[in-house]
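To keep things clear, I will list the structure first and then write my remarks on it.
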Number of protein chains: 2
Amino acid sequence: MLPHVDSTPRVKMEDVARTAGVSVATVSKVVNGRYGVAQSTLTRVREVIDQLGYEASLGARSLRSHKTNVLGILVAEFEPFSTELLKGASAAVGATGYELLAYSGGGGGSVGWERRYLSRLSGTLIDGAIIVTPTVVEANTGVPVVAVDPHTGPTGLPTVDSDNYAGAVLATEHLIGLGHRRIGFLGGRLDLESARLREAGFRHAMEVAGLPVDESLVGVGGYRRETADAPARVLLDRDDPPTAVFAANDLSAIQVMAVAVELGRSVPADLSVIGFDNVPESALASPPLTTINQPLQEMGAEALRLLVDLIDGKDRSTHLRLPTELVVRASCAPPRR
Amino acid sequence: MLPHVDSTPRVKMEDVARTAGVSVATVSKVVNGRYGVAQSTLTRVREVIDQLGYEASLGARSLRSHKTNVLGILVAEFEPFSTELLKGASAAVGATGYELLAYSGGGGGSVGWERRYLSRLSGTLIDGAIIVTPTVVEANTGVPVVAVDPHTGPTGLPTVDSDNYAGAVLATEHLIGLGHRRIGFLGGRLDLESARLREAGFRHAMEVAGLPVDESLVGVGGYRRETADAPARVLLDRDDPPTAVFAANDLSAIQVMAVAVELGRSVPADLSVIGFDNVPESALASPPLTTINQPLQEMGAEALRLLVDLIDGKDRSTHLRLPTELVVRASCAPPRR
DNA sequence: AACGTTATTGATAACGTTATCGAATCGTGA
DNA sequence: TCACGATTCGATAACGTTATCAATAACGTT
C-alpha cells in the first residue's frame, strides 16, 4: 500500500535517543519536561530533537498516557452551522493551552454518530469533546462532553444553546408586523429540539396575533437544501400560496427563495422569506436574507470554555442559553394588496 | 486527573471478545472484515459489538496498522479562509469513504507549524494531509500531502491555488475604472506567495494605466484584523489620503473600513475599499464589501480529490490553479470630485 | 573508610489494536 | 482407517510512546 511515497519514515523517539546517546526513557522525560534529567543531557537532547525535527506521535502518546491536551469538536458534517461554531471554539482555545481537533465521519450522518465518534476518539486522542447537534445524548463516556444545540434539551449533558423559542416568536412577529396573515412554516429536522422549539414559537406568535395556522402550510424542511426542496415546492406551488414563509433555518430559507424564483415569483415582492441562524451564507444570498441571529461563534467559544472548566474539575453552571435577535435584510416586505 | 468523570471506561476489544466467547484476534478479524471466520461466529460477534456499542480506538488501530481511512486538513487556525476550504473538502470527502479530521494547534502559528503538525499526525492517525497556507513546503513526509495556497508557489508539493495575480489586476482595474488615481495598497503576510502575487498584480495594473505608485501608500496588513489595524491608520490618517484602498484580503479590508469610519470617513463616499478572497464575512460587512472571489470551497474539494488520487497511486496533474473573479458589492464608488 | 542520600539513567511493562503463523478441528476420498 | 487439504481459531509479537522502578554514580557525613 502507498507504494510510491517518498519514504523518510518518520523520525521517532528511538532515533533521537540513538543520536543523543541516551535511552528512549530519557528522551521521553525531556519531551515531557519531567524532573530528573541532568542539565547537560537536557540541552543535548533538546538540540538533537530540533535538529532531527522530532515530534511525538499523537496516536502513540495518547494510547499510553491518556492525557493529550487535545480537545475534540465532533460534527456530522462541516456545514455552515458547525463551521461557525468551530471558529468560535478555535478563537477560545488559544488561551487554554489545548489544541483543537475537529472530526467528521464520511457524511453518513446516521442516528447515533456522536456515540460512535466519541467512542472512537475518547480514551485515546482527546481529553474532552464538544458534540454539535447530537441526536442521542448519553452521559457515560470516558471523557467530559459538552453538547451544543442537542436533541433533548438541557437534560443529561452540559449544554450550550440559544433561545430558539424566543427567536421564532421574533421572526413570526416580524412577518405579522409587515402585514402578513397567510404565513407558511418550513420546519427543521424532526429529531432536533431546536426544530421543535422553533415551531412552537411560531405557533405561539400566530396565536397571540389571533391568526389561525393553516396546517397545509406547515412543512418539514429538514435543515438542508436538498431536503427542503420538495416541501418548499409543495408550499409554493398551489393556488393559494402563502404571502410569507418562515423557514426554520437559513439553508432551507435560501432554498425556498430559489424555488420561488424558479416558479416565477420574486422575493420579497411576491413572497417574503425569513430564516434562522444567521450563518454568513445568508448575507450572500440574493436578496440578502432577513433572519434570526444565533451567536454561533459565541456559542462555540462558551462551549469550549465550559468544556475546559469541566476537565479542570471546576464547578460551574452547566447550562448556557444565549439570546437570539432579529436581523433585517432584504427578503421581507409587506404583502401585495 | 479527571477525578470527577462518570467512568464507564470505554468498551474495548477485549470486552467484546470475552462476552462473545472468542479471542481478540477473532474480533479484530470481524471488525476488519478479514477472511477466515465462520459465519456463525461472525454474526455472534457482530451482535455483541452492536450491543456493547464497541468502536475501535483510532489511536491504537493506526499505531499498529498504519492505514486509518482518515484524511487530515491542517490549519494554523480556524479562521474564515480555512473554514471555507474545510467546507469544500468536507463536501468532497463524502463520496470517498474516508473520514476527515481537521487539526489546529493552539493558535501559536509560528513558522514551521505545518511540519510539526504533520509529523505529529502522519504515520499514525492519518493517511494523507492537506495543509493550508504552509510557509515551509517540504517533500519528505511519510504520507502524501497536498498544499493549498502555499508560500513558495508550485514547487515541491502538489498544490492547489487560485490566480492571485490576475485577481489583483482585476481589483486594481476596477478602482481605476471608477476614476480613482490615488490608490493605496495594504499587503498581506510577507512570507506568503499569494501576498507577493497580489502586490505584483496591483503594481502591474497601475503601470498599465500609467499611474505612479506612491510608495508611502503601500503598507503591510498581514491578512488579519489585528495586524492590519496600525498600517490602515498610517494609510488613512494623513493630509493626502488615498481615495481608494486595495486590501490584500477581506479581513484587512474590513479593518480598513472600520478605521475609516472611526476617522470620520464614510465608505464608499469618502473612501472606496476593495478586498480579496470573498469569504462569507465580506458580505456581512457594512457596507457589503466589493472583493475578488476565490472559489475557496472548490479549492478545498479539488485538494481533497487530488489527495485521494495521490494516495491511490493515480497519476494525475499535480498542480491546479483556479480562476478568480470580481464581485461588486457596495464598498466602492467613484471618487469625490 | 564505610555509609546513607540524592541525582541521574535505563530496562521493562503497559496502552489497544492488527498481522503472522502455527494449532486444532472438520470433511472427504482412497 | 488413514492421510491430507481446507477451514477456523487463538497466541504472540509488534506499533511508538510513557510510567515505574531498580540500578548506578556522585557526593557529603561520621
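Here is how names work: the chains are called A, B, and so on, in the same order as the sequence lines, proteins then strands, and each is numbered from 1.
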Just the rounded figure in Å: distance from P of D:dA19 to CG of A:Leu63.
12 Å
Pair B:Ile73, B:Val148 - check side chain to side chain contact (heavy atoms under 4.5 Å, CB included), show working.
CA-CA 10 Å; B:Ile73 175 165; B:Val148 175; over 6 Å; no
Whether over 12 other heavy atoms sit under 6.0 Å from A:Arg316 CZ:
yes
Have A:Tyr223 and A:Ser194 got a donor and an acceptor in their side chains that come within less than 3.5 Å?
yes
Using a heavy-atom cut-off of 4.0 Å across all strands, would you classify A:Ala25 as base, sugar-phosphate, or nothing?
base
A:Arg116 side-chain N/O to B:Glu55 backbone N/O, donor-acceptor pair under 3.5 Å
no
Comparing B:Val22 with A:Ser28, nearest DNA chain D nucleotide closer to 5' gives the residue B:Val22
When rounded to the nearest 0.5 angstrom, what is the spacing between CD in B:Gln297 and CZ in A:Phe78?
13.0 Å
Check side-chain contact (heavy atoms from CB on, under 4.5 Å) between B:Leu101 and all other residues, then give those that pass, not counting sequence neighbours.
A:Leu101, A:Tyr103, B:Val70, B:Tyr103, B:Leu121
Can you tell me which stems involve DNA chain D, if a stem is defined as three or more consecutive Watson-Crick or G-U wobble pairs, both distances under 3.5 Å?
C:1-30 with D:1-30
Determine the contact category for B:Ser62: base if any of its heavy atoms lies under 4.0 Å from a base atom, sugar-phosphate if only primed atoms, P, OP1 or OP2 are that close, otherwise nothing.
nothing
B:Thr68 side chain to B:Asp127 side chain, donor-acceptor N/O pair below 3.5 angstrom:
yes
Closest approach of B:Ala20 and B:Val48, non-hydrogen atoms and distance?
CB-CG2, 3.8 Å
How would you label the contact of A:Ala38 with the nucleic acid (heavy atoms, under 4.0 Å): base, sugar-phosphate, or nothing?
sugar-phosphate
Nucleotide range of DNA chain C contacted by chain A, 5' to 3', under 4.0 Å to a heavy atom?
C:dA7 to C:dG16
The answer to which of B:Ala60 and B:Lys29 contacts DNA chain D further toward the 5' end, by nearest nucleotide, is B:Lys29
